[in-house]
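Order of the sequence lines fixes the chain letters, A, B, ..., with proteins taken first and strands second; residue numbering starts at 1 for each chain.
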Protein chains: 2
Amino acid sequence: MNTAEEVHDFVNKGHEQYLPHLSIDCVIFGYHERQLKILLIQHHGHEEWMLPGGFIQRHETLTEAAYRILAYKTGISDLFLQQFYTFGDSAARLNRIAIQQIHNKTYAKVGVTLDENHWLAERTLSIGYYALVDYSNVVVRPEFLVDEYAWRDISDIPALQYDHNEIIDKALLTLRAQLYQQPIGSNLLPEKFTLPEVHDLYETILGRRFDRRNFRKKLLALGLIRQLNEQRKIGPHRSPNLYEFDLDNYHRALNEGAALVL
Amino acid sequence: MNTAEEVHDFVNKGHEQYLPHLSIDCVIFGYHERQLKILLIQHHGHEEWMLPGGFIQRHETLTEAAYRILAYKTGISDLFLQQFYTFGDSAARLNRIAIQQIHNKTYAKVGVTLDENHWLAERTLSIGYYALVDYSNVVVRPEFLVDEYAWRDISDIPALQYDHNEIIDKALLTLRAQLYQQPIGSNLLPEKFTLPEVHDLYETILGRRFDRRNFRKKLLALGLIRQLNEQRKIGPHRSPNLYEFDLDNYHRALNEGAALVL
DNA sequence: GCAAAAGTGTTCACTTTACACCCATGT
DNA sequence: ACATGGGTGTAAAGTGAACACTTTTGC
């Protein structure tokens, strides 16, 4: 939503287009310079940050909704996107007065006050999706109600609105559990990358250290990566070899669940 | 719901008590005689079977709703219950006319016809939970709209209503994946059990064979089971030893995720 | 020549797998 | 005594973990 008019439309007629009681919240993991970050937004009139999200259109499938929202927020459509949990327990989701107040702060910008039976003020369960993106590919789209965007390091997430901290915790748990079973990486790295880059990616996401030699052996043994006959120049140091993912083996491993990590 | 009156109330005023657009469907796995079965129900007036399920009350949390529904259907409250996915993609969920017709078949029993704006006829996403129960502990509760209950072997599931076959497939996948990471069994077996019983349980759920000797070694090495000084009489054969789960280690392994299986 | 980062192989310990014979029980 | 199912140990292979020195590069 980019104009006050669109926001008015959404508030007044959104329930015709979208399903009430349900939202999608996205934990967008971006990796950059050995740091794992999450995209947060700050709505107008709020101190607290929150996860980007959206609603499900009545005519679209749930998966379509998730991809649409992600593409809208990040401009990326070819990404790793995974539903991980549906949240409906938090006290913050059951307290309608609090929810109404939060919305009213936001929509004050367009001079709207929701009454307590407004569709946006109703109890809403949230379906959590997480995405893995190459940080540097993301061009965040400005929106009328969003004052600020920020990539926050996962070790530095502030207190968020609703139960969004809990959602992030669960997303991280799921991401790490899946990383132990499935190779993830082709979405977080450029097409050609160096071994230290994949290595750092895994160490960062999992918060553990891996022996460089063993790590390389494993990736090669699984056939996930292929060494190229090129190097990268990185200043006053030895030039690292470039590698690429072997996407055939990579996707086979995704499906079969290869134990990637040592 | 046990009377026509309660059903009327539900149809006419259910939207005051329950959240629309959302339901919970339960895949209840029961293990018996080396067979893994799923509890199915058949609504009045229908050929097709379906999964037992229910709606979320406006004032209760999602988890509370799941336990309430399970306890209501099976009479069991101490069970392993796990949310595994939320379904909102199937064409069967988007076709409102088909949904309306299905409901009308059911509620014909109480002489009700839903119009197309009825809350039950709206698009509904389903949050899938699976449960593991000891088959022999379940006393299925009769309900007014439910003609039949059946434990169906997982290799013999008929075509079900809506996308319930897909839900079962996903539940099985998740159950098996979790079984590889977490020990599950204390809910599917009596307190005291023999090694062949656990062994068969695992072979049945995972659809693989395990070497008896290695299987025992593994369970004992992980400290998950304890051998008792008792045997069971099983007719004209050697009496097998009884074991019990070491619940301390068992729950530690549940949390930490011990690689149980060979 | 030196500082910084990348490259590479071997050994040891442990875990997983494979495998076959004897024992207990009831009829 | 026999049919049926349960009990048990050992050896070989494979996998994971530990470990340190050399090479390249730019300044």
Base versus backbone protein contacts along nucleotides 18-27 of chain D [heavy-atom cut-off under 4.0 Å; B, S, -] | BBB--BBBS-
Protein-nucleotide distance (B:Arg34, atom CZ; D:dG5, atom P), rounded to Å | 8 Å
Do B:Asp200 and B:Tyr31 touch side chain to side chain, with heavy atoms closer than 4.5 Å?
-> yes
D:dG16 versus C:dA18 - spacing of their P atoms, nearest Å | 16 Å
Could you state the CZ-C1' distance from A:Phe210 to D:dG16, rounded to the nearest angstrom?
-> 12 Å
Expressed as a whole number of Å, how far does the C1' atom of C:dC14 sit from that of D:dA20?
-> 23 Å
List the steps and the verdict of ring pair (Phe, Tyr, Trp, His ring centres under 6.0 Å) for B:Tyr202 and B:Phe215.
-> CA-CA 10 Å; B:Tyr202 272 81; B:Phe215 189 79; 5.6 Å; yes
Between A:Ser239 and A:Gln231, which heavy-atom pair has the shortest distance, and what is it?
-> CB-CB, 3.7 Å
Can you tell me the distance, in whole Å, between the CG atom of A:Leu222 and the C1' atom of D:dT15?
-> 12 Å
A:Asp200 CG to C:dA5 C1': how many Å, rounded?
-> 11 Å
Test item: B:Arg212 and B:Leu195 side chains (from C-beta on) under 4.5 Å apart, heavy atoms | no
Separation of B:Arg232 atom CZ from C:dT25 atom P, in whole Å?
-> 15 Å
Round to a whole Å and report the spacing from CG of B:Leu220 to P of D:dG9.
-> 11 Å
Between A:Asp89 and B:Thr63, is there a donor-acceptor pair closer than 3.5 Å when you use the side chain of the first and the backbone of the second?
-> yes
So, A:Arg232 and A:Glu197, do they make that salt bridge, N to O below 4.0 Å?
-> yes
Whole-Å distance between C:dC23 P and B:Leu195 CG?
-> 19 Å
Using atom NZ of B:Lys218 as one end and atom C1' of C:dC14 as the other, report the distance to the nearest whole Å.
-> 11 Å
